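Taking it in order: structure first as structure tokens, then the write-up.
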Amino acid sequence: MSADYRILHERAFVADLHCDTILWMQNGRDISVRNADGHVDIPRLAEGGVNLQVFACFVAPQTPTELCAATIDRRLDVLTSEFAHNSDAIAACTNAAGAEEIVADGRIAAVIGIENGEAIAGSLNNLAHFHGRGVRYMTLTHGVSHDWCISSGDKQPAFRGLTDFGRKVVRRMNELGMIVDVSHISVEAVEEVLEVSRDPVIASHSCAHALCPHNRNLTDDQIKAIADGGGMIGINFCRDFLSAENAAVTEKHFRDHIPELEALDKLTHDEHDKAEFERGREALKPFLKTWAGYYKGVCPSLTDVVDHILHIANVAGADHVGLGSDYDGIFFPPEGLEDCSKMPNVTRELLSRGCPEEDIVKILGGNFMRVFRKVCDR
Ligand SMILES: [Zn+2]
């Protein structure tokens, strides 16, 4: 290896475009200390050399409309107060220049995103409200279609990709300076977003369909189209999106364990008290244990993540790929990337595969910063 990977990793601006850590923070995780479980906290971000972390605020599909905006507001309250408590180590930013200042100050820059357009409850005023509270990207759906956008898993879409209102949402995001995130949405919806958006878009946490034909992944044509618009893709560390073999294992496990799956579903909903969250967590333990058992022998690793990165770099160029771990939203990260402290391993693996240093720096965070600056620094 020509250069020491740690020096290169330290020198690079490292950005992770997606984690679901807010769910755990809301239920008591103290991010100021190193936790024995989960994937993201301040000590591990620092150890992993992560300079910018996007915290996605999720609203579960089909949440009653009147509860959607309040759910996001509660999550934003938690983030605001946790960042205030830990202001010596982390601070929220709303543009690339702000992120660079925070990092120059020796702290971690936090960007706030929304996962699932249902959050705005069909209101452009809510969209502006969330922008006002610092939200800088929004994933248009989660795993289920809604009133104005079709999700990637929908086998019987009620309309093509976006409705007229969906197109208005994209235009309004452009006006406000909020990045459109096309992870989770259908092929047609991606096409329509790219037609409408005058700004580059991201897929914050998706992988390459050519390597793993999952509906959450992007085909080579989609990757090229996102790149043509100046956008980029953050590679997801979820096993099911990295390896088709793993997706089959998960599907079988889910089929065999419906009651536990329902507990899991409950756990990801906001409308519970702490006791219910703890009960859900307990109910999940055997589920996770048997799930891990199913995975024996078919475990993706760091090398699979880097395969997906290099595939996108080959198809669209090294300017259009980055990292979107989905930490704390996935249960079983790949070997070698067990939590955010392991991020330097990506740099090591890219170097060992002969990826040029200037490309590695772009992949680790430069590409996201380009889009962040273009959309949000104005
Ligand atoms: Zn997601």
Side-chain angles (χ1 to χ4, degrees), residues 15-26 38-40 53-63 68 71-72 75 79 110-120 130 135-146 149-154 173 178-187 189-190 193 201-209 212 214-218 222 226 231-243 246-247 250-251 254 261 264-270 300 305 308 312 321-334 337 339-340 368:
D16 176 18
L17 312 195
H18 196 95
C19 77
D20 289 310
T21 309
I22 176 63
L23 175 68
W24 307 92
M25 291 165 75
Q26 204 169 312
H39 309 138
V40 174
Q53 178 67 56
V54 180
F55 289 82
C57 296
F58 168 74
V59 59
Q62 296 167 326
T63 296
C68 285
T71 298
I72 298 295
R75 301 209 202 279
L79 285 178
V111 173
I112 303 173
I114 285 179
E115 178 163 33
N116 190 2
E118 281 179 80
I120 64 167
F130 291 133
V135 171
R136 286 299 178 268
Y137 83 48
M138 184 167 80
T139 318
L140 301 187
T141 70
H142 192 251
V144 180
S145 300
H146 56 74
C149 187
I150 301 295
S151 172
S152 68
D154 191 340
M173 288 175 78
M178 195 190 282
I179 302 169
V180 180
D181 178 7
V182 301
S183 281
H184 280 290
I185 70 175
S186 72
V187 172
V190 174
V193 165
V201 306
I202 62 170
S204 70
H205 59 305
S206 294
C207 294
H209 195 275
C212 175
H214 192 289
N215 68 52
R216 275 283 284 105
N217 289 342
L218 299 162
Q222 287 183 294
I226 291 168
M232 52 88 61
I233 295 132
I235 294 297
N236 197 317
F237 296 179
C238 175
R239 291 177 173 208
D240 294 354
F241 310 153
L242 292 168
S243 136
N246 273 261
T250 298
E251 221 178 281
F254 278 18
L261 181 62
L264 173 75
D265 210 42
K266 239 190 171 123
L267 189 72
T268 59
H269 278 67
D270 193 60
V305 170
H308 282 261
I312 293 184
V321 59
L323 306 169
S325 69
D326 214 353
Y327 277 142
D328 286 323
I330 55 176
F331 285 105
F332 304 106
L337 286 168
D339 62 34
C340 66
F368 174 70

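Order of listing sets the numbers, starting from 1, for every ligand and every atom in it. Everything numeric here is computed off the predicted structure, so don't read it as measured data.
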**Worked check of side-chain hydrogen bond (donor to acceptor under 3.5 Å, both in side chains) between Ser206 and Asn236** = CA-CA 5 Å; Ser206 294; Asn236 197 317; over 6 Å; no

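- A side-chain donor-acceptor contact under 3.5 Å links Glu115 and His205.
- His18 lies apart from the Zn ion (ligand 1) in this respect, since none of its N, O or S atoms is found at a distance under 2.8 Å.
- For the Zn ion (ligand 1), the set of nearby N, O or S atoms under 2.8 Å includes one belonging to His205.
- Using a cut-off of 2.8 Å, one finds that Glu115 contributes an N/O/S atom close to the Zn ion (ligand 1).
- Nearest heavy atom pair, residue Ile185 against residue Val193, reads CD1-CG2, 3.9 Å.
- Relative ring orientation between His142 and His184 is described as tilted, the plane-to-plane angle lying within the 30° to 60° band.
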